[in-house]
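Below: the structure, in structure tokens.
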Amino acid sequence: MQNLLSLKGEAALATVMESRPLLAFDFDGTLAPIVSRPHDAHVSVAVARPLELLSRVLPVAIITGRQVADVAPRLGFEPGFIIGNHGAEDPEGAPAQTDAGVALDPLRQRLLSGAAALRAAGVDVEDKGFSIALHYRLAGDRARAVDAIAATVQGAEAGTRVFGGKCVVNVVADDAPDKADAVERLVERCGAASAVFVGDDVNDEPVFIRAQPHWLTVRVGRDDPASQARYFVNGTPEVGIMLQRMLALA
């Protein structure tokens, strides 16, 4: 990865902005800092304002692991598109796959039977319909929490896909769309010539991996040297700087 705010990164940003791209962003850890309690997360005015101005001239999308109804009031502006549940929840797209939620039913049963052990280990279970998140950020003993999650998830994996994140384990239906699917659909839907995607976590890597050569992909943070993003910025404050640069080029 190279620094987006370097001379080479600035040139790449200028080139992609000339193509009038789709601008797509993750939420937690990208537009909003990661916080101890997910309900406290929100986008700062310094980030929301340039996003609002950009959305007047270019298609802007939020593609998040949260539910659409959860993330929408936290943004401080109205983007053109919001895709939730890691790409599986697209209110304006094709009808949701009914099997996407049904495939998680065996895990839901295991979560019910193992609820006491998970609570004791400090695990917070969030059922988002098309995905289930098992959070352990507030666990006193994170190793114990991870073990409790593994014991619960094991055996409920048929037809599901399990992937990690920052103090969270996510489970989705095996055939559920991911964020790369979501970006590709949106590029086609809005007729954009290219795309910019900015994210910070494991569930953003499919976009980084499958991005077209003329797209621009940016990771927030350098905590994963193996990330396939082409550029990086150092944290959410630099996301605000990036947005100002985009606005000047729009």
Side-chain angles (χ1 to χ4, degrees), residues 22 24-32 34 37-39 41 60-75 78-115 118 123-137 149-150 152-190 197-210:
L22 166 75
F25 303 88
D26 172 47
F27 177 73
D28 292 287
T30 299
L31 297 182
I34 292 177
R37 301 182 185 279
H39 291 303
V60 173
I62 308 302
I63 306 177
T64 175
R66 291 178 182 250
Q67 291 177 289
V68 170
D70 179 11
V71 78
R74 303 179 187 279
L75 298 174
E78 293 187 15
F81 309 94
I82 303 178
I83 310 296
N85 272 277
H86 311 285
E89 184 188 3
D90 184 353
E92 298 181 18
Q97 297 177 342
T98 55
D99 290 346
V102 173
L104 301 175
D105 285 346
L107 175 59
R108 290 186 174 101
Q109 293 300 316
R110 293 180 67 88
L111 290 170
L112 284 173
S113 61
L118 289 169
V123 177
D124 181 28
V125 178
E126 182 184 11
D127 190 336
K128 296 178 282 188
F130 294 105
S131 68
I132 294 175
L134 295 95
H135 302 274
Y136 57 93
R137 182 171 299 277
I149 291 170
T152 303
V153 171
Q154 184 178 8
E157 296 178 355
T160 64
R161 184 169 76 251
V162 180
F163 56 94
K166 295 178 178 178
C167 294
V168 64
V169 174
N170 301 287
V171 188
V172 299
D174 193 43
D175 59 352
D178 61 19
K179 288 192 176 186
D181 296 318
V183 175
E184 289 168 354
R185 290 196 309 264
L186 288 176
V187 166
E188 181 176 1
R189 190 184 307 171
C190 65
F197 179 77
V198 188
D200 77 306
D201 209 345
V202 172
N203 64 347
D204 301 308
E205 287 296 324
V207 188
F208 300 153
I209 292 167
R210 288 161 50 186

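This one's a predicted model, so the numbers in the text were calculated from it and none came from an experiment.
Atom CZ of Phe25 is separated from atom CG of Leu75 by 11.5 Å, given to the nearest 0.5 angstrom. Atom NZ of Lys128 sits about 4.0 Å away from atom NE2 of His86, to the nearest 0.5 Å. Here Asp90 contributes atom CG and Phe130 contributes atom CZ; the two are 10.0 Å apart, rounded to the nearest 0.5 Å. The line from CD of Glu188 to CG of Leu22 is 12.5 Å long, rounded to the nearest 0.5 Å. Atoms CG and OG1, from Asn170 and Thr160 in turn, are 12.0 Å apart once rounded to the nearest 0.5 Å. How far CD1 of Ile83 is from CD of Glu92: 7.5 Å, rounded to the nearest 0.5 Å.
The pair Lys166-Asp200 meets the salt-bridge criterion, with a side-chain N (NZ, NE, NH1 or NH2) lying under 4.0 Å from an Asp/Glu carboxylate O. Of the charged side-chain nitrogens involved, at least one lies within less than 4.0 Å of a carboxylate oxygen, so that Arg210 and Asp181 count as a salt-bridged pair. A salt bridge links Asp26 with Lys179: the distance from a Lys NZ or Arg NE/NH1/NH2 to an Asp or Glu carboxylate oxygen falls below 4.0 Å.
The nearest pair of heavy atoms linking Pro91 to Val68 is CG-CG2, 3.9 Å. Taking all atoms of both residues into account, the shortest heavy-atom contact from Ile82 to Ala72 is CD1-CB, 3.8 Å. In plain terms, the two heavy atoms of Gly65 and Ser131 that are nearest each other are O-OG, 4.4 Å. The two residues Val168 and Ala133 make their nearest non-hydrogen contact at CG2-CB, 3.9 Å. Here the shortest heavy-atom pairing between Pro106 and Ala103 reads CD-O, 3.5 Å. For the pair Ala41 and Asp28, the tightest heavy-atom approach, listed with the atom from each and the gap, is CB-OD1, 3.9 Å.
Leu186 has its side chain within reach of Ile63: a pair of non-hydrogen atoms, C-beta onward, lies under 4.5 Å apart. Using a 4.5 Å heavy-atom cutoff, the side chains of Asp204 and Asp201 are in contact. Contact of the Glu126 side chain with the Pro38 side chain is not registered, since no non-hydrogen atoms from C-beta on lie closer than 4.5 Å.
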Applying side chain to side chain contact (heavy atoms under 4.5 Å, CB included) to Leu134 and Leu111, what does each step give before you reach the verdict? CA-CA 10 Å; Leu134 295 95; Leu111 290 170; 3.8 Å; yes

Applying side chain to side chain contact (heavy atoms under 4.5 Å, CB included), run through Asp178 and Arg161 and close with a yes or a no. CA-CA 11 Å; Asp178 61 19; Arg161 184 169 76 251; 4.0 Å; yes

Audit row: Val172, Asn85, side chain to side chain contact (heavy atoms under 4.5 Å, CB included) steps and yes/no: CA-CA 8 Å; Val172 299; Asn85 272 277; over 6 Å; no

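In this structure a side-chain-to-backbone donor-acceptor pair under 3.5 Å is present from Arg110 to Gln154. A donor-acceptor pair under 3.5 Å is formed between the side chain of Arg74 and the backbone N or O of His39.
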